[in-house]
Student: 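Let me begin by handing over the structure; questions about it come next.
Just so you know, these numbers come straight off a predicted model, no measurement behind them. Below, chains carry the letters A, B, ... as their sequence lines are ordered, and counting in each starts from 1.
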Amino acid sequence: MRLSQYFLPTLRDDPKEAEIVSHRFMLRAGMIRQESAGIYSWLPLGLRVLKKIEQIVREEQNRTGAIEVLMPTIQSADLWRKSGRYDDYGKEMLRITDRHDREMLYGPTNEEMITDILRAGTQSYKDLPVNLYHIQWKFRDEVRPRFGIMRGREFLMKDAYSFDLNAEDAVHSYNKMFVAYLRTYARMGLKAIPMRADTGPIGGDNSHEFLILADTGESEVFFDKDLHDMDWSAFEVDYDDRDVVSGVVRDFTSKYAATDEMYVESEFHDKVEEKKRLSGRGIEVGHIFLFGTKYSEPLGAVVQDPDGKPVPVHSGSYGVGVSRLVGAIIESSHDENGIIWPASVAPFDVGLINLRAGDEATDNACQVLYDQMGDAGLDVLYDDKDDRAGGKFSRMDLIGLPWQVIIGPRGVKDGKAEVKNRATGERHDVEMSKVAAFLRDNSPESSA
RNA sequence: CGGGGCGUAGCGCAGCCUGGCAGCGCAUCUGCUUUGGGAGCAGAGGGUCGCAGGUUCGAAUCCUGCCGCCCCGACCA
């Protein structure tokens, strides 16, 4: 993509409404534009990141055997009356009336609808287990939206729903999602610590929130220092092996970690020796939850078991805040100059900077490199604009592409390109013809 | 929902107290000189001063009402 033909409205000054780093950089880098409180347009650069994150989430869901569907944003009130949540949900739910005076709502979540979909399509225990998910916009009319897309009213969420014949099978479904979440966040370069979460009236151990440590997080967290030493890479697992999967869950839940709502000081002190007690703040980027037959019973999601008896299915729901992750990644990966994208979610792989646009030799060298990198499968943003060097450097640092390939008359004379790593700041003089190979050899292995 | 604050050009702001030509910086456009970390000079374009009403010869400025947005707290992917 040539920058001269792209739409990238960057800002030099901080917009005054943006208090936290991710919000500031997203606005300045031209990723989003606010349309209303908690509602944003996604501009080209932001949309690219959103799609990358969405795709990683999708791939990791599919890997567990979960199946993608797409449910509408608008739902009928009827289903919510059946589950009893229409009145319970309160003002957070945006209620709409259509032209026939039918009561509709903009979905804040989809337990009712997915349970009804399953009910209609499943009659036998032989049809289970099944895990259906979708990645769809949600609307929750938050009292106070803030921090840009981190707490928007409209947000993109992956929500998965598992259905099993009995409680034991449901735990395996839950565990699979737990492991999938570890892998998902790891692939985005994040360490998201699973923490016991409030299970509300249902009880039990089976609810965890996944939190990214960040000063700007909305939750206060308490955890064992040993968690930092766990293997946070996207390790391989056999999802069909119940023991392996539950073993991973056991490992990652063996160390104390709790958000303020579950935190009990005496328990923390009991389980963690003093020098290993850490506390801080975290951003919730996922929440998984096993709720048994809470929705299947009222909505009649029943299958026949091997004895021919009708039994309500056991379910769980599993959410990932896809749009929130864009902000969370920036919170955990930036410097004073701008964003530092992990390669897996970067909007482009490389920024090619032409320091002397209009100079024939420099233009030609850039064109050759642009084609070369494109042929090598790299996604390149080519800054071919007739701007000054300083502005180009600043803008490229701001938008945070993993690599910058800098071409000026100086290098062109020697046949050399300057390759800069955005994260480390390291610069390498690389022969023009070897730039694509250099980037391939020095990029983090693709974890797909 | 309680408390605080803001609304003037794409972004950041001044002007309002004490009513009298709507300004500054950045950005944008044109020309020249420059050209490896946000250049210089000269010129130019861009505004329903959030909206409505009122007071006044005259309102960005004073008064009333409304709308929008931000921040802090109680709630949440």
Student: Is the phosphate of B:A39, meaning OP1 or OP2, less than 4.0 Å from a side-chain N or O of A:R388?
Tutor: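 For B:A39, OP1/OP2 do have a side-chain N/O of A:R388 under 4.0 Å.
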
Student: Calculate the interatomic distance between A:F147 atom CZ and B:C71 atom P; express it in whole Å.
Tutor: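 Distance check: A:F147 CZ to B:C71 P gives 7 Å.
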
Student: Under 5.5 Å centre to centre and under 30° between planes: does that hold for A:F155 and the six-membered base ring of B:A77?
Tutor: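 It does: the two rings, one from A:F155 and one from B:A77, meet the stacking criterion.
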
Student: Examine B:G68: is either OP1 or OP2 under 4.0 Å from a nitrogen or oxygen in the side chain of A:Q34? Give yes or no.
Tutor: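 Result: no.
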
Student: Please classify the nucleic acid contact of A:D397 as base, sugar-phosphate, or nothing, using heavy-atom distances under 4.0 Å.
Tutor: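 Base contact.
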
Student: State whether A:R144 places a side-chain N or O below 4.0 Å from either non-bridging phosphate oxygen (OP1 or OP2) of B:C72.
Tutor: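 Answer yes for this pair, as a side-chain N or O of A:R144 is under 4.0 Å from OP1 or OP2.
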
Student: Just call it for A:L355: base, sugar-phosphate, or nothing, with non-hydrogen atoms closer than 4.0 Å on any strand.
Tutor: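 Base contact.
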
Student: Does B:U34 have its OP1 or OP2 closer than 4.0 Å to a side-chain nitrogen or oxygen of A:R356?
Tutor: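 The answer is no; no side-chain N or O of A:R356 sits under 4.0 Å from OP1 or OP2.
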
Student: For a quick check of understanding: with a heavy-atom distance under 4.0 Å over all strands, which category does A:K420 fall into, base, sugar-phosphate or nothing?
Tutor: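 Base: the residue A:K420, judged by heavy atoms under 4.0 Å, touches a nucleobase.
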
Student: Hey, is A:D141 close enough to A:R153 for a salt bridge, meaning N to O under 4.0 Å?
Tutor: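 So A:D141 pairs with A:R153 through a salt bridge.
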
Student: Please check the phosphate of B:U35 (OP1 and OP2 only) for any side-chain N or O of A:K392 closer than 4.0 Å.
Tutor: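 Negative; the distance criterion is not met.
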
Student: If the cut-off is 4.0 Å, is A:R12 near the phosphate of B:A27, judged by side-chain N/O to OP1 or OP2?
Tutor: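 Affirmative; the distance criterion is met.
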
